[in-house]
Structures are given as C-alpha cells and as structure tokens.
Amino acid sequence: MVMSITMLNIHEAKTHLSKHLADLKAGDRIILCRRNRPVAEILPLDGGMDEPRPVGLGRGLAEVPDSFFDPLPDDILDDFEGVGR
C-alpha cells in the first residue's frame, strides 16, 4: 500500500480542501499546519458507501395535512413582508 502525506498550511486547506479530500485514498493522510507546525491530521474513513443511498427510506414516517397548502393568514404574511414595522 502506497501512503502519501500531504502537508497543508491553514490558508491552503481553506482554499483547496475539497480537492485534497477528493484525492485522499486509504493510507493517505493530510497534515494541517499553522506556521509550519502540525496541528491536526485528516485521515480517510474506512467503509465509505460504494452505492448511492436508496431514495424513500423515510416514506410513510410523516404525514402532511391538506391544510399545509392553505394560504397563510394576513398577519403572518405581513410579518414575512415587514408590513407595519
């Protein structure tokens, strides 16, 4: 297993963290540094999902009443629109 260590200063991490995380493989690590001194380490997690999550896992767990789609009362609409302030 080839292991790579990437050392990043905080500014570089804030700017390009997504790219570095996308390149992270098993055995790799990212060392975050402040003023060239290591302060934190990022390691990949084992057992990531290989398949997308199934859609609809929460189906049937909540019910939306028909009244949810009724228009809001005028006083609540006024609050949203800042009327009368």
Discussion item. Would Ile5 and Asp28 count as a side chain to side chain contact (heavy atoms under 4.5 Å, CB included) here? Give the steps.
Written reply: CA-CA 6 Å; Ile5 298 175; Asp28 292 351; over 6 Å; no
Worksheet item: So Leu32 and Ile42, side chain to side chain contact (heavy atoms under 4.5 Å, CB included) or not? Walk me through it.
Response: CA-CA 8 Å; Leu32 297 178; Ile42 299 174; 4.1 Å; yes
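- Linking Ile, Leu, Val, Met, Phe, Trp and Tyr residues whenever their side-chain heavy atoms come within less than 4.5 Å places Leu21 and Val39 in a single cluster.
- Applying the side-chain hydrogen bond (donor to acceptor under 3.5 Å, both in side chains) test to residues at least two apart or on different chains, the pairs with a partner in residues 15-24 are Glu12-His20, Lys19-Asp23.
- Clustering ILVMFWY residues whenever any of their side-chain heavy atoms sit less than 4.5 angstrom apart, transitively, puts Ile10 in a cluster other than the one holding Ile31.
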Item to complete: Tell me, with the steps shown, if Ile30 and Leu8 meet side chain to side chain contact (heavy atoms under 4.5 Å, CB included).
Response: CA-CA 7 Å; Ile30 297 172; Leu8 300 176; 3.7 Å; yes
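- Placement of Met7 and Met3 within a single hydrophobic cluster is found when ILVMFWY residues are connected by side-chain heavy-atom separations under 4.5 Å, directly or transitively.
- For the residue pair Gly27 and Pro44, the shortest heavy atom distance occurs at N-CG, 4.3 Å.
- Across every non-hydrogen atom of Leu43 and Arg29, the tightest pair is CD2-CB, 3.4 Å.
- Counting heavy-atom neighbours within 6.0 Å of Asp70 CG, excluding the residue itself, gives a total above 12.
- Just one residue in the list Ile76, Leu72, Leu77 forms a side-chain contact (heavy atoms from CB on, under 4.5 Å) with Asp74, and that residue is Leu77.
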